[in-house]
2 protein chains.
Amino acid sequence: MTAPLHEAHPAGPGRALPDTQQGMRRRNLARVMHAVSAQGPLSRAAVASRIGLTRAAVSTLVDELIRSGLLEELGPERPGRRVGRPGSALAVSGHGPAGIGAEVGVDHLAVCAVDLRGEVRARAVRYGANRGRPPEPVIEELAGLVRRVVAEAERAGLWPAGLAVAVPGLVARDARTVVRAPNLDWHDTDLGALLPVEYPLTVGNEANFGALAELWLGDGTPRDFLHVSAEIGIGAAVVVDGALLRGTRGFAGELGHVPVRPDGPKCPCGGRGCLEQYAGEEAVLRAAGLEPGEDRVGLLAGRAAEGDEDVRGALHDAGTALGIALTGAVNLLDPESVVLGGALAGLAPWLLPSLEAELDRRTAGPACPVAVSRLGSEGPLLGAAHSVVRAVLDDPAAVAERA
Amino acid sequence: MTAPLHEAHPAGPGRALPDTQQGMRRRNLARVMHAVSAQGPLSRAAVASRIGLTRAAVSTLVDELIRSGLLEELGPERPGRRVGRPGSALAVSGHGPAGIGAEVGVDHLAVCAVDLRGEVRARAVRYGANRGRPPEPVIEELAGLVRRVVAEAERAGLWPAGLAVAVPGLVARDARTVVRAPNLDWHDTDLGALLPVEYPLTVGNEANFGALAELWLGDGTPRDFLHVSAEIGIGAAVVVDGALLRGTRGFAGELGHVPVRPDGPKCPCGGRGCLEQYAGEEAVLRAAGLEPGEDRVGLLAGRAAEGDEDVRGALHDAGTALGIALTGAVNLLDPESVVLGGALAGLAPWLLPSLEAELDRRTAGPACPVAVSRLGSEGPLLGAAHSVVRAVLDDPAAVAERA
DNA sequence: CTAATTTGTAAACGGCCATGACGAAATAGT
DNA sequence: ACTATTTCGTCATGGCCGTTTACAAATTAG
C-alpha cells in the first residue's frame, strides 16, 4: 500500500514521495472519491466545483473510477427548480471493495463488512468470555467469523480490501502486535502471524477505532476532540485535525493512568492514585458494593436508574475523578470537545454532573463541552471496518490495481 | 511495512488547494529548498537523488530558485576520491529574505534577524521590567528595536520576509491577539494593530516558539516531544510529527494548570492544586523562603549551587510536582522525550532527580527520557525568527514574487 | 592517453489539467 | 409550441511539467 503521507507542512520533509504527475493524479482521484462519498450523489460538475478542478478534468477522473468499479453512474438527476441540463448522479459503488472490521472484546467477538458507501453488509457475533484464554484459540475463532463474513460479503458482490482488528489493549506502531492487553492477559502477541489473510491486516486499539468511528460517523463531531471510552480499563484517543495521535510507541491516550490523587491507592502500573483506581470498572463496582461479574455496566446502569444511592455515589465519585483527569488533558490539548464513549456512554447520566462540575470549576474560561457518543459499544467495530474503507477512499488507484 | 492507516489523509479535506501542476511545481521548489537547507551544500545531482526527481527536473527548479535569489551557486566541488565530473555546489542564499524574530519578556525585549542559512545577522536587546506596563509603550519600544534590526539587516543585503513575536501568554489562533498574558497583565491585545509592519506578522506563545527552536535547532531532538518551559508561569508545547499542536483556540500546552493535588491550594485559574501552585516561580520562591525580585532564577540557581537546603528542598518539591503532571501528559501523548527549556533548563540539576524519580515510579514500562535544552533562554527568540525562515523554505514561490 | 564515471543541459516525449467550443437536455418566457 | 437561456458532459487544443534519451564536459583509474 501507500507510504505514510503525513501533512504537517505543506511541502515539508513529511512528504516522502516525489511530487510527480502520477502522484497528482492519484491525489485527485482520491479527492473525487472523498467528495462523492461525503456529499452524497453528485454530478461531475458538482464534484468539479467542490474540489476546484474543471469539469473536463473531473470527467476523465470519474471515467477511470467507474472503470475501476469504485464509482457508479446512477443516471440523470431529477432537478428541482434549476434551469439547465441536469447532471448525471455519481455515487460510490455498493459493490467492489469492502472493509472488514473485527473486534476482540473481553466477552465477545464481532466481525462486520462495510461497503464503500459505509453500509454494513454482513456481520457475525459470538459471545463468550475471552479473558484469560490464550490468543491462539481466540484468534482461530475470530478467523472463523471473518471467513463467514467475507463469504457473505462475496455473495453480495464485494471483495475484502483489508481487515482491521480492534483489541482492548496497547498495540505497537507496526499495527500488528498487541503489546499488552491486561483484560485478556495477552502480552506481545503478533496477530499478524496468528491471523494470516491475503489482504492487508491492521490491528489497533479499541478506543482509537471508537474515536475514528465518532469522527467519521458521529454527527457534528469536530476534527479536534478527546474520545474517552471505558470497557474495563479506561482508554482515551486524541484526535487532532482529523487524525489520530498515536504516540511514539503507539501508546498515546492512556488516560487510565493519569495521576488523579498522587498519594492515592497503589495501581498495578506502579503509580498511585491513577484514574483507573477511581473510575475503572472494578473500582466503581467495589465502591458501589457490587460483585464483579457479567454485564456489570448494565447492572450499574440499572441500579442507578432505580435510585440505588450506593451506586449513584460511586458513579458520582468516578465522575469527579474523570473530571480531574480530563481537566489536565483539556489544559494540555485544548480540544473542541470531549466525547464519552464505550461503557461510559451508558453511564453518562450519573457521571456527567460531577464530571462537568469538576471541569467547570477548574477551568478559567468557558469549560470544554462534554458530549456523549451515540455509537456506544458499536464504535470500535464500525471504526475498524471504516478505517479500511477510508484507506480505499484515500488511494483509490492502489485498490484499482488489485480489483 | 505499511504505515498505520489514517495518520492523516493524503487527499482528505485537509488539503485546501486544488491539486494542479502549479501546486506541484511549488511543492517541488520547496523540496529543493529543504534539501539544500538541511543537508548543507549539495550538487544538483545530489538534490535529485535525495528528493526523487531527475537531474533535468532539478536543474530547472534550481535555475528558478537562483533567479529568485534564494539559492546560490558556490562553484565546482573539490571531490574527494570519486570518479566523474564534480558537481557544482548549491547553497541557500545568505542574502535575500530574512526572518525577524522578536520576544516580549517580562523584563526584557529582544529582536533578531536570521538569514535563510539560519545564521543570526543582527540583534538588539533592551532590559527593563515590562510587567504591568500597558501594551502600547512596550510595543512602541519593540518597534524601535525592530526598525534598528531591520536596518542593520538591510545593510547586510537582507530584506525582512516576516516578523514573528514571542509573548509569554496565550495567543489566539489568528496569531495576532494576545488573549491573556498574566505576567504582563495584558488582556485581549491585538498586536497586529499595535505593530504595523509591511511584511507578515505572526504572534505566538513563547513556549511554542521555544519548542520549535528545539525542533529545528536542537541536536538529536525527535519529531515527537513535549517541551516544558517556565518563566513565571509554566508552559508546555506539544510537538507531534514535527508540527506544533495548537488546540482549537490556540491554547494547547497549558501544563501549569494541570491538577497535581486536586485538594491543594487555590489557584487564580479557579482550580485547586494546579502545577503552578507547586512549581511556579512564585511558589518555589516562597517555599525557599526568598522574596520575589529581579533575576530570581539566577538567585535560585546560585543558592542551590551553594548548597542552600531550603532552596534545594523547594526545587526538589517542584520537581516532584512536575513529575506528577508530566506523568499524566506522557501517558496521554506517549512522546519520544520530554525537554526542559527556559528557566527550567538552568535549574535542571536540582529538579531532575525528583522529577525523573516520580516519572519512573509511576510508569509501567521504561520511563520517558527527560532532556535539557541547550538553547536555554535563547529558544523563543530563535524559534520566532526561524519560523519565518521555515515559512520561506516551505513556499519559496510565494517569496520569489515579493522579492 | 584512453576508458570509465559522473555531472549538467538540451530536445523530444508523454501525462495531466486548463481553456474554449459544442451538442444535449432541462427551464422560463412568449 | 417555440425560442432564449442555462447548465451539463465531452472533445480538441494548448501549456506546463517531469521523464527519457542523448551528449558534451570534467574528473579519476589505469
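Excluded from the calculations below are hydrogen atoms, water molecules and symmetry mates; all remaining heavy atoms, backbone and side chain alike, are included. Within every chain, numbering begins at 1; the chains are lettered A, B, ... in the order of the sequence lines, protein sequences first and strands thereafter.
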- Residues Arg44(B), Glu73(B): salt bridge by 4.0 Å N-O rule: yes
- Message: If you only use heavy atoms from C-beta on, which nucleotide in dC11(D), dG18(D), dT7(C) is closest to the side chain of Arg25(B)?
- Response: dG18(D)
- Which sits closer to the 5' end of DNA chain D, Gln22(A) or Thr60(A), going by the nucleotide each is nearest to? Thr60(A)
- Look at Asp19(A) together with Arg27(A) and state whether they make a salt bridge at an N to O cut-off of under 4.0 Å. yes
- Message: Rounding to an integer number of Å, can you tell me how far Leu53(B) CG sits from dT20(D) C1'?
- Response: 14 Å
- Could Glu64(A) and Arg25(A) be called an ion pair, given the rule that one side-chain N must be under 4.0 Å from one carboxylate O? yes
- So, His34(A) and Asp394(A): side-chain donor and acceptor under 3.5 Å apart, yes or no? yes
- Message: Using heavy-atom distances to pick each residue's nearest nucleotide on DNA chain C, tell me which of Gly84(A) and Arg55(A) is more 5'.
- Response: Arg55(A)
- Task: Indicate, with a heavy-atom threshold strictly under 4.0 Å, whether Thr54(A) touches base, sugar-phosphate, or nothing.
- Result: base
- How would you label the contact of Ala45(B) with the nucleic acid (heavy atoms, under 4.0 Å): base, sugar-phosphate, or nothing? sugar-phosphate
- Item | For atom CG of Leu42(B) and atom P of dG8(C), their distance in whole Å | 10 Å
- Output yes when at least one side-chain N/O atom of Asn28(B) is less than 4.0 Å from OP1 or OP2 of dC17(D), else no. no
- Message: For dT7(C), does the base pair up with any side-chain atom of Arg85(B) as donor and acceptor (N or O, under 3.5 Å, distance only)?
- Response: yes
- Identify which nucleotide among dC8(D), dT6(C), dC17(D) has an atom closest to any side-chain atom of Arg82(B), counting heavy atoms from C-beta outward. dT6(C)
- Query: The side chain of Arg44(B) lies closest to which of these nucleotides: dT9(C), dT7(C), dC8(D)?
  - Reply: dT9(C)
- Identify which nucleotide among dC17(C), dG14(C), dA26(C) has an atom closest to any side-chain atom of Gln21(A), counting heavy atoms from C-beta outward. dG14(C)
- Query: Can we say Glu214(A) and Arg374(A) salt-bridge, meaning some charged N sits less than 4.0 Å from an Asp/Glu carboxylate O?
  - Reply: no
- Item | Glu77(A) CD to dA26(C) P, straight-line distance once rounded to whole Å | 12 Å
- Does Val83(A) or Ser59(A) map to a spot on DNA chain D nearer the 5' end, using the closest nucleotide for each? Val83(A)
- Out of dC17(C), dG8(C), dC8(D), whichever nucleotide has its closest atom nearest the side chain of Ser88(B): dG8(C)
- Nearest-Å distance for atom pair CG/P, residues Asp63(A) and dG9(D): 11 Å
- Please give, in whole Å, the distance from dC16(C) C1' to Leu29(A) CG? 11 Å
- Here the distance between atom C1' of dC17(D) and atom CG of Asp19(B), to the nearest Å, is 13 Å
- Query: Among Val392(B), Val399(B), Leu65(B), which residue meets the side-chain contact (heavy atoms from CB on, under 4.5 Å) test with Met33(B)?
  - Reply: Leu65(B)
- Ile51(B) atom CD1 is separated from dC17(D) atom C1', nearest whole Å, by 14 Å
- Note on the structure: With the side chain defined as heavy atoms from C-beta on, Met24(A) is closest, among dT19(D), dA24(C), dC16(C), to dC16(C)
- Nucleotide nearest Ala57(B) when distance is taken to its side chain, options dT19(D), dT27(D), dC17(C): dT19(D)
- Euclidean distance, atom CZ of residue Arg31(B) to atom P of dC17(D) [Å, nearest integer]: 16 Å
